[in-house]
Every structure is written in C-alpha cells, then in structure tokens.
Amino acid sequence: MALLTLVSAAFLGVAYCQNGTGSITDLPSYMTHINATRNDSSPVVLHIDTKDVSKRNATAPYLYGLMHEDISHSGDGGIYAELLANRAFQGSNWNTTLLPNYNGSLIGASENPIEPIAPVLTAWAAIGNGTRVTLDRLHPLSSAIPTGIEIDFPEDAEGEVGFQNFGWWGMNVEPQTYNVSFYVQGNYPRNQENTTAFTVSLRSNLTGEVFASSTVSNVSVSFIDHTFVTTTLHPNATAPNSNNTFVISFDGDTVKGQTYYFSLFSLMPETFMGTPNGLRKDIAQAFYDMNPTFLRFPGGNNLEGVSPQQRWKWWETLGPLTDRPGRAGDWEYLQWTEDMNIERLLAVYAGFSLDVWGQSGASYPPDRMQEILQEALDEIEFCQGNITSKWGSVRASLGHPEPFDIKFVEIGNEDWFSSTYPYRWEYLYNGLKAAYPNITYISTAYNEASASFGYNISIPAGELWDTHHYEEPSFFVRGFDFYDNWQERTNNTGVEIFLGEYSALQIDTPTGIVDFSFPADVHITYPRLVSALSEGVYLLGMERNPNVCKLSAYAPSLQDFNWYNWTPDMIGFDADPSHTVLSASYWLQTLLGSFRGTQTLPVTNSEGEFNPLFWVATLDEDKNCIYLKVINILGDSVPLSVNIPEAYSSVNGTILTAADLNSYNYIYNQTEVVPKPLNIYTSAPTRYGDDAVFKWDVPRWSVTVLQFDL
C-alpha cells in the first residue's frame with residue numbers, strides 16, 4: 001500500500017446500499033460493461049489435450065495466499081481477538097493533510113490535539129457520580145507500557161461506581177468463555193491496606209442488562225508494583241446486538257475516597273484453534289476456508305513506519321505483553337501461519353521509511369546498511385534458528401523450540417518510491433543469500449522507478465519480483481496475456497512473479513489513470529462482481545504461466561466498517577460477527593484457490609478466441625479429474641464446446657455470478673455474490689469423452705470451474 005493517510009469512515013463515506021437501501025443502479029460509479037470486453041458472443045470450441053504429457057507444466061503450488069497489512073483496524077479491533085479498545089493507552093488516531101504554503105503533507109487532525117499519536121482516553125468512561133478517570137504516567141506498568149489510567153472515587157461515593165470500555169464500536173457477547181485480566185496498583189495514603197473486591201461484567205450499552213458477571217474478592221492490591229488480576233466470564237445467552245460494554249465496578253461505600261491505577265486490560269473471547277492471545281474466530285475461519293498457501297507479513301507500510309525510528313522493530317514484538325511497546329508482533333504472525341498450516345512470507349525492513357510528507361522518506365546510507373542486514377539476519381534466526389543460536393534460544397524460551405521454517409523473504413516494501421533501492425537491495429540480498437541460500441528472495445521493485453529515478457533492479461534467476469496493481473477492470477482484462485513469454489520479452493531469465501497486492505480500485509475511465517483520492521463517481525468502495533471478473537481474468541493469465549507466476553495475494557484483506565484507511569477490501573466486519581461480509585473478490589480467490597490442479601493441460605481453440613471468454617485447464621492427479629476454469633465478461637451467454645480425448649464419468653461445476661455487473665455483498669445481504677453449485681446434467685450418462693463433446697452455454701458475467709471426473 002502506497003498511501004499513509006488515515007481517515008475515518010465519516011470522511012470516506014460508506015458503500016451505497018450497505019444497509020439494504022437504495023438501488024445498485026444508483027451507485028455514483030455504476031458501470032454497464034468492462035470497456036476492454038470484445039462484444040462477440042459467437043461459439044467457442046476448445047480441445048483439452050490429455051495425451052501429450054510433454055506439453056504439461058506443474059502448477060504453482062503457492063499461487064493463492066494472504067497479505068495482511070495492519071490498517072483499517074484489521075489488526076487491533078479486527079483479526080486480533082482482543083475485544084477492548086485502547087486497552088494499554090499506547091497511542092491514538094491521527095491524520096495527514098495538505099496545508100497552504102507548506103511542502104507535502106503534515107499531521108492535521110488527531111485525537112490528542114496536544115501531542116499527535118500520544119495516549120488518549122478513547123473508549124473509556126466513568127461510572128457513578130464523581131468518579132474521575134484520567135491518564136496516568138506516574139505509575140508505569142513497564143518501560144514499554146508507561147501510561148495507564150487513574151481512577152479516583154469521591155469521599156461520598158455510594159452505589160455502583162467504576163468505569164467501562166465500549167470496545168471497538170461495541171463487542172460481541174455470546175455463550176462462550178471470556179478471559180479477563182488487568183493490572184492494578186493502589187494509592188497508599190488514600191487506600192491504606194484495605195482489600196478490594198473487583199466486579200467485572202458484560203452489559204448492554206442500551207438497556208444495562210448484565211449478560212455475565214464475576215467478582216474477585218479480598219484482593220490485596222500492591223502499592224509498590226502492579227497486582228495481576230484474572231477471572232472469566234460465561235454469558236448464558238447471546239446479546240441482541242453488539243452495542244455492549246465491559247465494566248469494572250465497585251461498591252461505592254467500600255472505595256469512597258480511594259484511588260487505583262490500572263493498566264493493560266484484556267477481554268479475550270475464545271479464539272481460532274484455541275490459541276492463547278489468538279485470532280478472532282469468524283475472520284480467521286474465513287481466511288482458513290479460502291485454502292490459502294502463505295501469509296505475507298508484516299505487510300505494506302507497517303514494515304517501513306513513518307520514520308526510521310518507527311520502523312518495524314521485530315525484536316520489540318516478542319515476549320510478554322508487558323514488554324511490548326505497542327505493535328502486533330512476529331510472534332502472533334508466526335502462530336497464525338502455524339494455526340492455518342501455511343507457508344511464511346516474511347518481509348524484512350530494508351532501510352527505507354516513509355514520512356508523513358507523502359510517499360517519499362529517509363533511507364539508510366550505504367555505510368550503515370550492515371545494521372539493517374543484521375536486523376534481518378537476527379529475525380530469520382529467531383524464526384528458524386537452532387535453539388543453541390542466540391535468537392533461536394529466545395524463540396525456545398518463549399515456548400516454541402520447533403523452528404518456524406521460512407521459505408520466502410521479501411526485502412522491503414514498494415521500494416520504487418525511493419531512489420536508493422539499488423544499493424540497499426544489492427547489499428541485503430547478497431548478505432541474506434550468503435547466510436540463507438535456500439530461501440527464495442523477493443525484490444519489491446523491478447522497473448517501476450525507471451521514469452522517476454532512472455533505474456531497474458537486476459533480479460537474479462530463481463528470485464521473485466513483487467508487483468502491485470490497484471487498477472481499473474480493463475487493465476486486468478488487457479493484462480490476461482501479460483505474463484506470456486514475460487521472462488524472454490523483458491530479458492529476466494529465471495525471474496519469477498509475485499502479485500503481492502491487487503484489486504479493482506475504480507471503474508473504467510477514458511484515461512485509464514487511477515485516482516487514489518477515491519472520487520465517488522469512479523471509486524469501487526466494496527468489491528463487486530465486475531471486480532471478481534476482471535481480477536479473475538488476470539489470475540487465469542497467471543495460472544497459464546506457472547513457470548513464471550508463483551504467488552498472489554489480494555490487498556488489503558480486512559477493513560472495519562466503522563473506521564478505515566482504504567477501500568476496497570476483501571473482508572469487511574464490525575464487532576458483530578453476523579455482520580462480517582465476504583466480498584466478491586474473496587469468493588473469487590476462494591473459488592480459484594480451491595480447484596488448483598497439479599499439472600496444466602494444453603488447450604487449443606478451433607473456434608472463437610480469448611475475450612469475452614477466458615479459460616485455463618489443469619489436471620488434478622490426486623483426485624483424477626480435470627478442472628476447466630472459464631470466465632465470461634460479456635453481458636450475454638457464450639456457447640462453449642469442450643473436446644476431451646479421454647473418457648470421463650461425470651461433470652459438475654461451481655459458478656460465481658450475480659444479477660448485475662455491479663452487484664456486491666454488504667451487511668444484511670452477504671450472499672448477493674457467492675459461488676453456487678452448477679447442476680449441468682440432471683441425469684448423467686455413465687461415460688463421456690472419446691468422441692463425445694461437452695456443450696454448455698456459459699452464463700453472462702460469470703466465473704465457473706467445471707470438474708470432469710476421469
């Protein structure tokens with residue numbers, strides 16, 4: 001992701017029809033067709049060659065994966081299962097803006113108007129008359145978490161008093177176990193040595209109904225250090241909505257005149273695979289159901305930071321939460337890949353950081369690149385080093401003596417925005433390759449900076465180029481054959497491709513120039529059927545070239561409907577799991593990734609040509625079947641005939657389509673664009689093939705996978 005601007009949903013707006021109102025045809029960016037579509041519905045006749053084994057290629061086993069970038073509350077408030085917002089008071093939201101007579105962007109609006117990015121009390125509120133809640137830096141939990149909150153109770157406190165957290169725009173309450181914890185320290189002059197009872201509860205923010213409650217009694221709160229308090233909550237019913245709150249309360253008569261200092265709260269529901277401190281179940285399950293093969297992390301601009309000091313310092317993300325200064329860490333990402341049994345694509349900091357100014361930033365000079373190389377070497381050693389090594393022993397001490405094997409390492413992120421990548425890439429690649437020769441390395445630039453900075457990166461054979469495409473639908477359609485003979489055409493012998501970020505960002509325009517200010521009349525806010533069709537055509541072009549195209553990942557993957565930096569995104573969500581929306585682009589990747597095959601099969605066309613129909617065929621040797629993936633981008637059906645010289649016993653299929661090219665999924669209408677079984681024959685003959693021809697009219701605006709069982 002190239003843009004750093006942080007904006008709220010109020011600034012970006014929400015998708016038209018999101019809540020089931022309005023009409024799709026009233027979308028300001030409504031489109032009637034993909035401009036690159038050839039208006040030809042004449043029949044297509046295909047011949048799939050199953051006889052000549054020499055013409056096959058092994059498919060790319062890692063083609064469909066995941067990219068996670070911690071924006072749009074995709075981490076905190078998203079896939080990270082923690083329900084409490086601002087639980088450790090480690091920062092706040094901010095924005096960049098252009099100001100007259102100043103060069104580039106500057107920090108504009110921020111939650112903390114005095115010190116941007118500094119702690120705030122957002123999401124917290126007092127309960128009871130006179131209860132005072134303020135930020136506290138005089139009783140730090142640790143050097144990593146220097147700020148907490150001070151709770152002061154008046155001398156006339158009575159009834160219920162305390163404070164509450166509203167979560168990430170609410171919190172889901174349902175029958176399950178919620179683990180609660182927090183740190184607390186007492187004020188000796190006010191509290192003396194009284195024991196304290198803490199009552200924690202989950203309540204409706206609308207009615208006050210208590211769904212679960214637990215009291216921890218007779219706690220002797222330390223005045224020197226923090227006391228760690230834990231308990232569990234067990235609701236017996238599901239709350240009617242997510243407008244709920246977490247409460248810590250006291251009997252006012254027992255705490256009148258007293259003061260407490262709290263820090264690092266946690267309200268953790270049950271997680272994906274039951275992993276402690278793990279992933280939100282519904283979002284993680286949605287990723288898992290896509291059958292992904294890898295996770296790229298830590299993703300995008302989060303790696304670079306907005307200054308060298310704010311770069312990804314992986315070593316500060318390890319160990320107890322009390323020792324972490326406030327970033328989602330390698331540890332969670334590594335556990336994520338283990339929970340899903342997928343490969344790791346580790347991005348390492350490459351000596352370039354962005355700046356609030358815009359897309360440029362500071363680079364480490366050549367004479368300091370050894371520092372950056374050592375950071376990367378240490379990080380890889382932490383992941384997969386022997387337990388006798390320095391960092392491998394740290395991993396083991398944290399409870400994971402088994403290595404997290406690293407297959408891919410990406411050096412930087414979108415480094416074409418800098419003029420310095422040539423020396424940084426060369427230094428880091430040579431140093432990393434010498435230490436870890438079996439890892440495949442990925443360059444974040446090839447020719448993108450040729451116009452701006454006058455360089456191309458020479459990528460060694462066997463390594464990859466990470467290319468990013470936020471484009472119009474017609475770009476993807478016209479790019480169907482881009483990777484045909486790409487190595488020979490560009491003199492990149494042996495270099496392979498990673499489509500690291502892609503999405504249909506706006507509708508077709510006369511200029512074809514993407515407007516990253518997201519104007520409503522052209523921007524695609526949520527992925528539509530047209531997104532799936534056009535992205536799918538491009539991905540079929542990659543499937544046809546498995547010797548070149550090895551990896552791909554849609555981006556961004558997640559957004560909270562309440563606050564986001566960027567649209568469109570693959571999965572949308574809020575605090576209520578029933579509102580999670582799996583987009584058309586999500587279902588496209590799920591469909592293509594679920595029917596991969598092991599060998600490509602040659603396909604010739606004796607009638608018709610590519611566009612509006614696009615196709616690719618593979619053989620699944622394990623299931624003994626042929627997959628024929630067919631995309632029709634025309635607004636009319638196209639007759640298709642398929643000749644297979646080998647006998648097959650049955651045909652079935654799965655289709656992704658909808659009523660309108662602009663159809664998309666949204667809250668309360670999450671199944672507008674989803675794959676459905678395709679019943680081609682109601683009564684199938686015992687065998688097909690040999691001289692029999694399979695005939696079928698490919699529906700308009702559709703992505704289909706046909707399965708021929710041999």
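Just so you know, these numbers use all the heavy atoms, side chains as well, and skip hydrogens, waters and symmetry mates. In what follows, residues are counted from 1 in the order of the sequence shown.
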Review point. Is there a donor-acceptor contact under 3.5 Å from the side chain of Ser92 to the main chain of Ala118?
Key: yes
Check your understanding: Which residues pass the salt bridge (charged side-chain N to carboxylate O under 4.0 Å, His left out) test with Lys433, sequence neighbours left out?
Key -> Glu463
Point to revise | Pairwise distance CD(Glu343) to CG(Leu551) - rounded to 0.5 angstrom | key: 10.0 Å
**Study point:** Between Tyr421 and Glu426: side-chain donor-acceptor atoms closer than 3.5 Å
**Key:** no
Check your understanding: Do the ring centers of Tyr178 and Phe246 come within less than 6.0 Å of each other?
Key -> no
Check your understanding: Is it true that atom OH of Tyr288 has more than 12 heavy atoms of other residues, nucleotides or ligands lying nearer than 6.0 Å?
Key -> no
**Study point:** Tyr538: side chain to side chain donor-acceptor pair (under 3.5 Å) partners, not counting sequence neighbours
**Key:** Tyr483
Check your understanding: For Glu535 and Ser585, does a side-chain donor sit closer than 3.5 Å to a side-chain acceptor?
Key -> yes
Review point. Side chains of Asp282 and Gln285: donor-acceptor distance under 3.5 Å anywhere?
Key: no
Practice item. Could you walk me through whether Lys281 and Glu270 pass salt bridge (Lys or Arg N to Asp or Glu O under 4.0 Å), step by step? Key: CA-CA 8 Å; Lys281 286 196 294 186; Glu270 295 173 7; 3.7 Å; yes
Point to revise | Asn179 side chain to Thr232 side chain, donor-acceptor N/O pair below 3.5 angstrom | key: no
Review point. Between Glu82 and Ser266, do the side chains contain an N or O donor and an N or O acceptor separated by less than 3.5 Å?
Key: yes
Exercise for review: Please assess Tyr554 against Tyr502 for the test ring-ring contact (aromatic ring centres under 6.0 Å, His included), listing each intermediate value before the final yes or no.
Suggested key: CA-CA 5 Å; Tyr554 185 98; Tyr502 72 88; 5.4 Å; yes
**Study point:** Aromatic centroids of Phe265 and Trp124 separated by under 6.0 Å
**Key:** yes
Exercise for review: Describe, in one word, how the ring planes of Trp314 and Trp391 are oriented to each other, choosing from parallel (under 30°), tilted (30 to 60°) and perpendicular (over 60°).
Suggested key: perpendicular
Review point. Taking atom types as modelled and ignoring hydrogens, do the side chains of Thr147 and Arg137 form a donor-acceptor contact shorter than 3.5 angstrom?
Key: yes
Exercise for review: Using the test side chain to side chain donor-acceptor pair (under 3.5 Å), find all partners of Thr598 that sit at least two apart in sequence or belong to another chain.
Suggested key: Glu621
Check your understanding: Any chance the side chains of His68 and Asp70 put a donor and an acceptor closer than 3.5 Å?
Key -> no
Practice item. Return yes if a side-chain donor-acceptor contact under 3.5 Å exists between Glu448 and Trp465, otherwise no. Key: yes
Practice item. Give, for atom CD1 of Ile442 and atom OG1 of Thr440, the distance between the pair rounded to the nearest 0.5 Å. Key: 7.5 Å
Check your understanding: Would you say the side-chain atoms of Thr122 and Glu111 include a donor-acceptor pair closer than 3.5 Å?
Key -> yes
Point to revise | Under 3.5 Å side-chain donor-acceptor pair for Arg296 and Asn413 | key: yes
Review point. Is a side-chain N or O of Ser583 found less than 3.5 angstrom from the main chain of Met570, in a donor-acceptor match?
Key: yes
Review point. Between Thr580 and Arg280, which heavy-atom pair has the shortest distance, and what is it?
Key: OG1-NH2, 3.5 Å
Check your understanding: Do Arg424 and Ser418 get their side chains close enough for a donor-acceptor pair, meaning under 3.5 Å?
Key -> yes
Point to revise | Phe294/Phe498 under ring-ring contact (aromatic ring centres under 6.0 Å, His included): CA gap, chis, key distance, verdict | key: CA-CA 12 Å; Phe294 69 88; Phe498 171 30; 5.8 Å; yes
Exercise for review: Check Met369 against Tyr423 and note the closest heavy-atom contact, atom names and distance.
Suggested key: CG-CE1, 4.1 Å
Check your understanding: Side chains of Asn112 and Ser110: is there a donor and an acceptor less than 3.5 Å apart?
Key -> no
Check your understanding: Under 30°, 30 to 60°, or over 60°: which ring-plane class applies to Tyr260 and Phe262, parallel, tilted or perpendicular?
Key -> tilted
Review point. Is a side-chain donor-acceptor pair under 3.5 Å present for His468 with Glu414?
Key: yes
Check your understanding: Is there a donor-acceptor contact under 3.5 Å from the side chain of Thr271 to the main chain of Thr275?
Key -> yes
Point to revise | Heavy-atom closest contact (Ala60 atom, Pro546 atom, distance) | key: N-CB, 3.7 Å
Exercise for review: Consider only side-chain N and O atoms of Ser105 and Thr96, and report whether a donor and an acceptor are under 3.5 Å apart.
Suggested key: no
**Study point:** Intermediate values then yes/no, ring-ring contact (aromatic ring centres under 6.0 Å, His included), Tyr183 and Phe228
**Key:** CA-CA 5 Å; Tyr183 290 83; Phe228 186 52; 4.7 Å; yes
Point to revise | Side-chain H-bond candidate by donor/acceptor type, Asp569 with Thr567, under 3.5 Å | key: no
Exercise for review: Mind running ring-ring contact (aromatic ring centres under 6.0 Å, His included) on Tyr441 and Phe408 for me, showing each step along the way?
Suggested key: CA-CA 6 Å; Tyr441 295 94; Phe408 304 99; over 10 Å; no
**Study point:** Donor-acceptor pair between Ser353 and Tyr349 side chains, under 3.5 angstrom
**Key:** yes
Point to revise | Exercise: do Tyr446 and Asn492 side chains pair donor with acceptor under 3.5 Å | key: yes
Review point. Mind checking whether Trp168 and His73 have parallel, tilted or perpendicular rings, split at 30° and 60°?
Key: tilted
